[in-house]
Amino acid sequence: MLARPSTVTKKIKHIVGEFRRIPTGVVKLGKGMMFWRRKTPARKFRIKKMKLGETVIEMRGITKRFPGVVANDHIDFDIKAGEVHALLGENGAGKTTLMNILYGLWQPDEGEIRVHGKKVTLKSPKDAIDLGIGMVHQHFMLVPPLTVTENVVLGLKSSKEPLLDIDRVEKKIAELSKKYGLKVDPKAKIWQLSVGEQQRVEIIKALYREAQVLILDEPTSVLTPPEVREFMTILKRMARDGLAIIPFITHKLPEVMAVSDRVTVLRAGRVTARLKTERTKERDLAKKMVGRKVLFRVKKHRVKKGEVVLEVRRLRALSDRGLPALKDVSFSVREGEILGIAGVAGNGQRELEEVITGLRKAGGGGVFIRGKDVTNRTPRELIDSGVGHIPEDRLERGLVMDFSVAENLILETHSKQPFIHKWFLPFEKRWFLNHDEVRKHAQKLIKDYEVITPSVDVPTRHLSGGNLQRLILARELSRKPKVLIAAQPTRGLDVSATEFIRKKLLEQSREGTAILLISEDLDEIMMMSDRIAVMYGGEIVSLMPAARAKKEEIGLMMAGVKKMPKRAS
Amino acid sequence: MIEVIETVGATGVRLAAPLLLAALGELFAERSGVLNLGIEGMMLMGAISGFWATYITQSLFLGVLAAVMVGGLMGLLMAFLSVSLRANQIVAGLALWILGLGLSGFIYRVAMWGPYAYPRVSTFGDIAIPGLSRIPVLGPILFDHSILVYLSLIAVPICFFLLFKTTWGLKVTAVGENPRAADTLGINVLRTRYICVIIGGILAGVAGAFLPLVWMGSFNENMTAGRGFIAFALVIFGAWKPWRILAGSLLFGCIDAAQMRLQASGGIWIYSYQFLLMLPYILTIVALVILSRRAGAPAALTKPYVRGAG
Amino acid sequence: MLVFEKRILWEIAILVLLVLGALAVGGVIIYIATGVGPLDAYSWLVKGAFGNVNAVSETLVHACPILFIALGFVVAGRCNLWNVGGDGQLLMGGLGAFLAGYYLPLPAPLLLVAIFASAFALGAAWGAIAGFLKAKMKVNEIVSTIMLNFIAFFIIDWLVLNPMRGPMGIVGAQPMSDLLPSSAHLPRLISGYRLHIGILVAIAVAILAYILLWRTPFGYRVRAIGYSPKAAEYSGMNISRNMMLVMILAGGISALAGAAEVAGIHHALRSDIAARGGYASVSYMATGIIAGMLGRLHPLGVIPSSIFFGALISGGDVMRYVGGIPYTAVFVLQGLVFVFIIAGEILIRMKVRR
């Protein structure tokens, strides 16, 4: 537990060493202290400009494991000069992991990377950048108050060290800009730019550092349709120049078809297909993406149509970045019905969840519970109106991790009977928590919901993911809500927890609760919903009874391909 | 009338100088993402080291040097606590405040032969810049001061230059706004923060040395009387920009000077001078109310950086 | 043994180690500075703190305002609000106590209640200012409470020099008000010594604070907001209203320290009641905050830690008389303890191996 003498001397050596050389690289010393240490000098090895069609990078047998899951399972992947090679797959399929490995953010557990046939190890992004690999992340790595030029040149040595030589950089940016059609104003500050423009800055950043390989992570997820078209033109130009080879990560089929030369499909950490784009069709890709992975089946009963409990009318809302995230979303859910919202994350689901539960402002439209207008009301009022919420963000939103299990189970109801003693003293009235009732309540719930915990007084922090979710479920369901918003309820959970939660949700719907099920797991949606809506780009692109839904079609719609006419609810 | 303006202005600048220095130091620390509430303690440590060193060596220069070193050490301690140990920055700052408060008083008592001696040192004399100091109004206000005051004024453009015109300054801004992004570009987040916090400590130390070495010629326990926190507020008031911090500190300094003048002029103020003394503190609160939208605050302020998190 | 109890033992063990570490470093500093060996110095300290009845009385006399301020810090701290306004709240509380004790013609027992209630009220109002600024205007509560400290000091200073100036004028270099009537004096616990009932009130308040935080819905909300404002928002709690209430409460509790000092020790209002005997600089507030941290922000935990710091102070007096060690050594020790605790936070947070 305490540091052994050898580790202590090592630490002291680190501390002393850091003050001497120019250090890079971070080292965690034991109990989470952080210092930096010397690194071996950077290699001069770089990717050279190549003839179109030659293989530049080869990744073989890449395997990466995280606790509980194999993110990449012996993946082979290669990129050729002048090629746009798309990496396709749902969230969690392993695309980002693979590319993070290529960019040096993570190290593979097994497998190797070869550049020009020579084996390389990438220990940090700096190694990748030095090698000539550039990455444009899904969440931009930009500094908002700085200008475009400043962002591009950040971390690089200037010709007039230590002064910044903005003019020279601006000229170079203008050149690159013209060459590839990346229109951007070098003097503009990042926060002033549109998302599309910010993305161009990120690309210029990579090109400025003379990247020969460009990794683009979900590049079009934040672009408007016209911007997407522009973007694809730029991609083609860069590819034609032979310089940039672009692994292009997405779940959006139309784009993959439009711009890539080859496509590799990942599912659950494995490669399920590697094809030349011109030789394949969207349907096939969708099938490979979505697959036949069915964990288990639950029997879905027939629902008798009750009254409308939750109604959402022409809902509009902005995302954190200020872009429209919900565009005229309308649907309704009846008593006892489960409406499943299918879609890949990032298409407005989170904003939908937050608006309905009072955690985000709606910019237009309305939310109604049994006819009562609850748009933009406080979470308290919504809870009192009968809304239950299983949040996507379990750890931050759904639970107070430092509270005990028992305390978490009364999060919304702590000031109501039976958890309160009411004592009337002669001159003032004080309400005390009735700990016996609280514990009784907790004991019952952990039994009913099979939560594994040493006791109800343990801090919730110590529970595993599946148990945490059971807790939240227990709490929300025990309040007998009129409508339940369940967002990604089984994400990341093991089989038994998943099964249990789905069973409980079905039970609840049988008892009359209207359930809005938001999930990326298409199997789950298909298994559990009475009706299915598909969300893409902030809109409901289709709404149909589950019986009529076909998995591939839904997959296509989730990937933005088809837009079916909405059926009346 | 002109004379009044001149005296008040000159005093104002002299009073503003330590606030300015300390605030500029804090600016570096905060721009790199570290909230340092220990300025007050660092100032006090700077004050006592400067005072003691001067007393012993009779050299004001060595006094300032001592303040620089001690301030830097305090800064190093703060950096260690908040960057490497990732302690809660607010609490770490308070701890350094209290430690500095106690330690400075202790050193004073110990070094100065008991509680009844009142040692004094000669202070920095004023250096009038020939020619410029004879300009009416502006002359005496700006150009007839001790060297430390000039230093603080010059520090403003230097600070501006460092933070906004060099590659290093760019790195600092990046580290304070989006350390993740900075890290992906190969910038050493930890080292940058260490350096900035140490700079903050050094400047706070020198600012503290002001009080005994420029103003008073002696030392009192807790002689900073909250000035470190006013400097802290000045950074917010100045929206994290050096020139605005200069404006803010001059404003505070002049109000302080005006208040002294009012006291000296007698009248009702002899009996109610406390209300004048309150002014800087009330002003700080008002300034924070007006400007407490976090506009301009480095986005990663108070958040320790851990690579790979999230 | 449950994980929970093991955790508490572990924390206490580490805290004791850290305190000892700080004392060790402090001992070295004292030795370098004054030539007095640490063992000698600390033996005087312990004798001065607990050696005889007077010592114990003095220890508890000092522990009392420290405890009140620590509690004010802790109650706010549980909501993640840093209440650094103990000084100002103490002063306002002293004002309230004095006004009640001087002007209210009530019989002794009722008068005592009125004194505490009045002190609480003024301190609560003072805390409310900071609470309002934070909840509605997002003003950093640390800066606002610290500024309010100074403002309070000047208010009291002016009052005591002008409208409330006592007939004795300036006593011991500090102006003070008229004396309180003896019915307004807090009764002594042991006759002949300075120890008054304030300490009992403080302990009672500590227990009440514990009950409030863990046994009432309000306290539940306070802790939830302190741990996870996002989850608190999700579950319907009104964050700004609860923050305001917490600051009001914390201000009031710290203010009771003022009542203890004014009605129990000085029996008059002076502008230096926040300090200790002549050292107008370092105040009970600094000590109170450290005591709060040492007590792990727990109302019951701060009781022993306040007594510890009270012991440091009364022991420090003896260190000074007997050993010639400057009084400020105590402040250095305090500061060291604080730094050690913070640095040791990582150790405390380490997982307990089974």
Side-chain angles (χ1 to χ4, degrees), chain A residues 1-2 29-34 353-354 357-359 377-385 387 389-391 393-404 407-408 410-416 419-421 430-435 438 453-455 457-462 472 475-476 479, chain C residues 1-8 10-11 13-14 17 78-80 113 117 208 210-242 245 249 296-298 342-354:
Chain A
M1 196 161 32
L2 296 172
L29 299 178
K31 313 166 180 87
M33 288 197 284
M34 301 183 72
E353 173 196 349
E354 290 176 350
T357 52
L359 295 168
R377 296 244 182 251
T378 64
R380 180 85 252 162
E381 289 171 280
L382 285 160
I383 291 172
D384 291 336
S385 302
V387 175
H389 182 192
I390 300 177
D393 186 357
R394 283 168 220 156
L395 306 183
E396 299 268 316
R397 281 266 178 224
L399 294 167
V400 179
M401 296 304 276
D402 292 302
F403 267 6
S404 71
E407 287 175 315
N408 264 299
I410 52 170
L411 201 55
E412 295 106 337
T413 52
H414 62 272
S415 55
K416 306 226 162 63
F419 306 121
I420 297 289
H421 290 302
R430 282 218 175 274
W431 293 26
F432 290 88
L433 285 176
N434 187 335
H435 274 274
V438 171
T453 167
S455 90
D457 296 314
V458 166
T460 318
R461 210 168 261 296
H462 297 148
I472 298 179
R475 182 184 70 213
E476 296 303 299
R479 292 194 293 119
Chain C
M1 211 195 269
L2 284 184
V3 178
F4 207 45
E5 287 164 7
K6 219 176 185 181
R7 166 118 236 131
I8 296 185
W10 169 255
E11 286 196 18
I14 291 284
L17 264 174
R78 282 282 165 179
C79 198
N80 208 28
V113 174
L208 284 177
Y210 169 74
I211 294 178
L212 179 81
L213 283 174
W214 275 272
R215 307 225 167 237
T216 66
F218 173 67
Y220 179 88
R221 286 194 286 274
V222 166
R223 287 181 300 123
I225 295 175
Y227 281 136
S228 176
K230 277 175 116 171
E233 183 193 12
Y234 152 90
S235 62
M237 300 181 195
N238 185 335
I239 296 191
S240 76
R241 193 171 80 123
N242 281 299
L245 287 173
L249 198 59
R296 304 292 294 150
L297 277 187
H298 192 289
I342 291 170
E345 188 68 29
I346 279 201
L347 285 175
I348 298 178
R349 273 193 249 138
M350 261 172 57
K351 290 214 169 86
V352 179
R353 300 280 167 90
R354 266 158 244 259

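Values reported hereafter were calculated over all heavy atoms of this structure, with side chains retained and with hydrogens, waters and symmetry mates removed. In what follows, chains carry the letters A, B, and so on, assigned in the order in which the sequence lines appear, proteins first and then strands, with residues in each chain numbered from 1.
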Test salt bridge (Lys or Arg N to Asp or Glu O under 4.0 Å) on Arg380(A) and Glu412(A); report intermediate values, then the result.
CA-CA 8 Å; Arg380(A) 180 85 252 162; Glu412(A) 295 106 337; over 6 Å; no
Highest number of heavy-atom pairs under 4.5 Å with chain A among Arg221(C), Lys230(C), Arg215(C), Arg223(C) belongs to Arg215(C)
Should Glu233(C) and Arg397(A) count as side-chain neighbours, where that means a heavy-atom distance under 4.5 Å?
yes
Identify which part of Arg377(A) has an atom lying under 4.5 Å from any heavy atom of chain C, answering side chain, backbone, both or neither.
neither
Is Leu212(C) close to Val222(C) at the side-chain level, that is, under 4.5 Å between some pair of heavy atoms?
no
Within the structure provided, determine whether Ile472(A) and Leu399(A) are in side-chain contact (heavy-atom separation under 4.5 Å).
yes
Any side-chain heavy atom of Phe218(C) sitting closer than 4.5 Å to one from Asn242(C)?
yes
Considering only heavy atoms and a distance below 4.5 Å, find which of Asp393(A), Thr357(A), Leu359(A) pairs most often with chain C.
Leu359(A)
If one checks every heavy atom of Glu407(A) against chain C at 4.5 Å, the contacting part turns out to be both
Who wins among Ala224(C), Gly226(C), Ala232(C), Gly219(C) for the most heavy-atom pairs under 4.5 Å with chain A?
Ala224(C)
Using non-hydrogen atoms and a 4.5 Å limit, figure out which bit of Ile383(A) sits close to chain C: side chain, backbone, both or neither.
side chain
